[in-house]
There are 2 protein chains.
Amino acid sequence: MARTQGSHSDITGPRIRAAALKLFAKDGYAAVSMRQIAKDVGVQAGALYNYTPDKQTLLYELLRGHMDDLLTVREAEASGTLAPLEALEGFVRFHIGFHVGRPDEVFIAYMELRSLEPENFAQVEKLRRQYEDELEGILQRGLESGDFAIDDAKIATLAVIAMLTGVNTWYRAGGRLSLEQVETIYWNMVKRAVVA
Amino acid sequence: MARTQGSHSDITGPRIRAAALKLFAKDGYAAVSMRQIAKDVGVQAGALYNYTPDKQTLLYELLRGHMDDLLTVREAEASGTLAPLEALEGFVRFHIGFHVGRPDEVFIAYMELRSLEPENFAQVEKLRRQYEDELEGILQRGLESGDFAIDDAKIATLAVIAMLTGVNTWYRAGGRLSLEQVETIYWNMVKRAVVA
DNA sequence: GATTTAACTGAACAAACGTTCAAATCAAAG
DNA sequence: CTTTGATTTGAACGTTTGTTCAGTTAAATC
């Protein structure tokens, strides 16, 4: 079994994942061949199978890793103790910052969900729901405390997330607006949309 | 050349497009084979080539047709003469109603843009920008008249469209909420987000 | 320097791909 | 009934797909 103890080079695995990530994001999972990934890494196609049992697992581990990352990083700045307004602002700014910094991961994370086999899909979907639940909790708390004025916490959750994730379709580092400006613009819109 | 005069059956072409639409939406353009489309229609793969020169054109015509539809239907309820607030409400309700009624078209229209060859991509992209420009115009007018309070008309355009199009990820006809209720919930959020 | 062990190559596999085309089929026209 | 012309079949094409594996290479261990 390969990769059980570090020996000769531990950089090929990551390089494969980086190449797959880039190519899947650009052309889509189904349109990318193992030979293209191998060529990008500078290796023959057969060599990839020392690092992944198959193509599907390669995709799954990218999506799974991305969601783990998202939840782990988010956990570090928990919102449970904050008032709804501050918690919401924190979530908005976190979401934008995190997603803008990982455009390829974000892109495949919801473009290629359907390319996952059912059990892999279920795993990733569960993590995504877990992330959404934090926002829904914030909105629900704010609704009950009277801080927020929304018709439906679940719909507002999905609407806010869709709006925020949309940043990735146009934002490019080094553009007209700084990340902090973008965060503030979106936070203003979210605030006005939900705060009483 | 086939299909120059109606003769024997004019329903095969539409049936092919319907099958392609359904399969592309479910599995993605690259993952769907001409043989799968043919099987769905109840015909051999070779027969498809009496109706389309190749697979790429099939996709292009689906996306192109969808965008033409969008712009044509939208034109029928122009907003130029309305005050910004009414124009915006009309746009929001139209966008939701139109998109919710065509989930497959909407899904491939922005999932499979990258599967279009460059010149086809440019055509479809142009139509999409044309649609977005109407919303941007409404927001810009409202900004200048003082009816709206937003930081940036272009960003607000993209944010609103992302939020509205997100309806398609969860809305199903016959669910808990009627279409009109959904429109109203989203209109409330948009209104609060941008109206002064 | 010899031995071990992990990493990679390069060829091969069966299956599936988009597309083509001669031959068969079928509905309508004369 | 025969002819015409559009439509479909079914096989074939060359290419590409994911994956396997015996054999080569090269680094680490003794």
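Predicted model only: the values in this text are computed from it and were never measured. Chain naming here is simple, since letters A, B, ... match the order of the sequence lines and numbering starts at 1 in each.
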Below 4.0 angstrom from OP1 or OP2 of D:dT17, is there any side-chain N or O of A:Ser33? yes
For [X], all residues meeting ring-ring contact (aromatic ring centres under 6.0 Å, His included), sequence neighbours excluded:
| X | answer |
| --- | --- |
| B:Tyr186 | none |
| A:Phe94 | A:Phe98 |
| A:Phe121 | none |

With A:Asn168, which residues qualify under side-chain hydrogen bond (donor to acceptor under 3.5 Å, both in side chains), at least two apart?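 Partners of A:Asn168 under the side-chain hydrogen bond (donor to acceptor under 3.5 Å, both in side chains) test: none.
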Taken in chain and number order and not counting sequence neighbours, the residues that satisfy side-chain hydrogen bond (donor to acceptor under 3.5 Å, both in side chains) with A:Ser145 are A:Asp147
Heteroatom pairs (N/O) under 3.5 angstrom, protein to nucleotides 9-13 of chain C:
{"unit_1": "C:dT9", "atom_1": "OP2", "unit_2": "A:Gln44", "atom_2": "N", "d": "2.5"}
{"unit_1": "C:dA12", "atom_1": "N6", "unit_2": "A:Arg35", "atom_2": "NH2", "d": "3.3"}

What pairs meet the ring pair (Phe, Tyr, Trp, His ring centres under 6.0 Å) rule with one or both residues in residues 127-178 of chain A, with sequence neighbours excluded? A:Phe91-A:Tyr131, A:His95-A:Tyr131
Spacing between [X] atom [atom1] and [N] atom [atom2], to the nearest angstrom:
| X | N | atom1 | atom2 | value |
| --- | --- | --- | --- | --- |
| A:Tyr29 | D:dT17 | OH | P | 13 Å |
| A:Tyr51 | D:dT19 | OH | P | 17 Å |
| A:Lys39 | D:dT17 | NZ | C1' | 16 Å |
| A:Tyr49 | D:dG18 | OH | P | 7 Å |
| A:Ile11 | C:dA6 | CD1 | C1' | 15 Å |

Which part of the nucleic acid, if any, lies within contact of A:Val32, taking any heavy atom under 4.0 Å across all strands shown: a base, the sugar-phosphate backbone alone, or nothing?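 Touches sugar-phosphate only.
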Indicate every side-chain donor-acceptor pair of residues 80-87 of chain A with a distance under 3.5 Å to a residue at least two apart or in another chain.
none

Is a side-chain donor-acceptor pair under 3.5 Å present for A:Thr52 with A:Arg17? no
With the threshold set at under 4.0 Å for non-hydrogen atoms, list the residues of residues 52-65 of chain A touching DNA chain D in residue-number order. A:Asp54, A:Lys55
